[in-house]
Amino acid sequence: MSGSGFTSPFGANSNPFGSTRLDTGGMQRVAEEDENDTITSPTTPSFGHSTGANLFKGPFGGDSSSDSQTGGHRGPPNPEGYPAQYNFARRTSVSAESLKPVGDSYDNWTPPVHPKTPGQLGRLKTAIGGNFLFSHLDDEQSAQVLGALVEKPIPTKGIKVITQGDAGDFFYVVEKGSFDVHVNSKGSLQPGPDGMGQNVGRIEAGGSFGELALMYNAPRAATVISAEPQCTLWALDRVTFRRILMESTFARRRMYEGFLEEVPLLSTLTPYERSKIADALESQKFPAGHTIIREGDPGHSFYLLEAGEAVAYRSGNDTPVKHYKKGDFFGELALLNDAPRAASVVSQTEVKVARLGKSAFQRLLGPVEGIMRRTKYVGVKTGVEEMDPLQMS
Ligand SMILES: Nc1ncnc2c1ncn2[C@@H]1O[C@@H]2COP(=O)(O)O[C@H]2[C@H]1O
C-alpha cells in the first residue's frame, strides 16, 4: 500500500526482515480474529476502498469534524502530522477483538517461542525494562512476550523499518540506536526525495513504535527509518501484540485520553504525545488531609490532579500558597531544578492523582518545560529567571 511508483529497497509493501514478516499460522489466526472487528483490517483486500475507506475520516483529518462513519475517501493527516485514522479508530470498538474472548481460536492460541541466548535475554530485558507498555504484564504474560520477541539487527542508516500506508505486521522495541519518524500528509509514502514527508520525531533506545496500526487496525501512520548504523530492534508479531499487550495499552490510553485533553498544560502537545504520556501515568487515590508531597523531600514524581482539590503550603506559613483543582499540575519544580521539594502538597478532599515518574517526565514533557517554568510561585525561583531576563523583577 505504499505509494505506487515508489521503489522500496525491500520491494513493494515489504519490510527489511524478509521471510519473518508474518508466519502463515499467524495470518490465518489474524483473519479469524478480525471477523469480530468493526474496523476493516489493513490485511483485507477492501482496505482503503469501499467500506474500509470511510474509516479514515476523523477530526484530525483537517476538514472532517466528527466521528461519523459516513463519508468519502480517506482523510489526510492533520497539520500536526497525526494520522486521521487514529482518532477515528480509537473511538470505535476495534478493541473488541482483544477485550473479549473470541472463542476457540482464542483458546487454542499459543504465542510463538523464539529461543534466545542468555546474553540476548539480558539485553532484551534491559531494552523493555523502561518501556511502560510492558510494565503492567503479569509473570506469565511477560514470559510469553519475551519468548515471542525476535531480534532484528538494522545494520545501516536509512533503512525503512515501517512504511507509512502499509499494513501493520510487527510492533518494535528499540534496544540500540535511533529512528526518525516521518509523516506524509497524503497518508502514505510518496515517490521522490520528499516522499517521506515531515520529520515529526525521533525514537531512541528504550522507546518503541509500530503500535498504532496493530491497535487500531489502521495503515501505518508514519514512516520509521533508521537514523544511524548498527541499530538493534526487537519485533513482536501482530497477534501476540494484540493478544497480550494491547489490552492494557489500549485500556490505559482510553482511560487517560479524555482527561489529558482537558489538562491546560498539555494542550499544545499532539494527540500522539499525549498518548505516550497516558502510557506512563499511574493513578493514585488519597483521602482528604494526606500529604502527597512533603517540603524538603527529594522529588521523584510529577502529578496531575485527576479529581478533587489540594493545596500547597510552605513552612512557616499557615495559609496555603496555592490551590489545585482538576487538571492542575504540581511537583514539577524539584524535577526541573533538581532541588528538594519547595512546598508540601496536601489533599483538601479525597483526590485522585495521575503520577509520572522522573525519567518519563523528563522524556515526555520537554515540549512544555517553558510553560511549567513560567508558573509563578511566591518566594520560589522557577528557573525562568535564567531563561528569560524580562521575567526578572
Ligand atoms: N507523530 C506520530 N504520528 C504517528 N505515528 C507516530 C508518530 N510518532 C511516532 N509514531 C510511531 O510511528 C509508527 C508508524 O507505524 P504505526 O502507525 O503502526 O505506529 C506509529 C507510531 O508507533
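From a predicted model like this one, the values you see are computed outputs, not experimental measurements. All ligand and atom numbering here is 1-based and tracks the order in the structure.
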If we only count N/O pairs under 3.5 Å, is Ser208 in contact with ligand 1? no
I need the contact type for Glu211 against ligand 1. Using non-hydrogen atoms and a strict under-4.0 Å cut-off, is it side chain, backbone, both or neither? both
Check for a donor-acceptor pair, side chain of Ser226 on one end and backbone N or O of Gly158 on the other, with a separation under 3.5 Å. yes
Under 4.0 Å from one or more heavy atoms of Ala222, ligand 1 contributes atoms 5 (N), 12 (O), 14 (C)
Ile162 heavy atoms within 4.0 Å reach ligand 1 at atoms 14 (C), 15 (O)
Between Val183 and ligand 1, does any nitrogen or oxygen pair lie at a separation below 3.5 Å? no
Would you say the ring centers of Tyr216 and Phe250 fall short of 6.0 Å from each other? yes
Ligand 1 contact on Val224 by region, counting heavy-atom pairs under 4.0 Å: side chain
Any heavy atom of Tyr272 under 4.0 Å from ligand 1? The part involved is side chain
Proximal ligand 1 atoms for Val181, defined as those under 4.0 Å from one of its heavy atoms: 6 (C), 7 (C), 8 (N), 9 (C), 10 (N)
Anything under 30° is parallel, anything over 60° is perpendicular, the rest tilted; go ahead and classify Tyr303 against Phe330. parallel
Under 3.5 Å donor-acceptor, Thr349 side chain and Gly308 backbone: no
Using distance alone, determine whether Val200 and ligand 1 share an N or O pair under 3.5 Å. no
Using 0.5 Å steps for rounding, measure from the CG atom of Leu305 to the NZ atom of Lys326. 9.5 Å
Crowding at NZ, Lys157 (>12 non-hydrogen neighbours, <6.0 Å): no
List ligand 1 atoms under 4.0 Å from Ala213, heavy atoms only on the residue side. 16 (P), 17 (O), 18 (O)
Do Gln141 side-chain atoms and Asp139 backbone N/O form a donor-acceptor pair below 3.5 Å? no
Could you say whether the N/O atoms of Gly210 and ligand 1 ever approach to under 3.5 Å? yes
What pairs meet the salt bridge (Lys or Arg N to Asp or Glu O under 4.0 Å) rule with one or both residues in residues 280-305, with sequence neighbours excluded? none
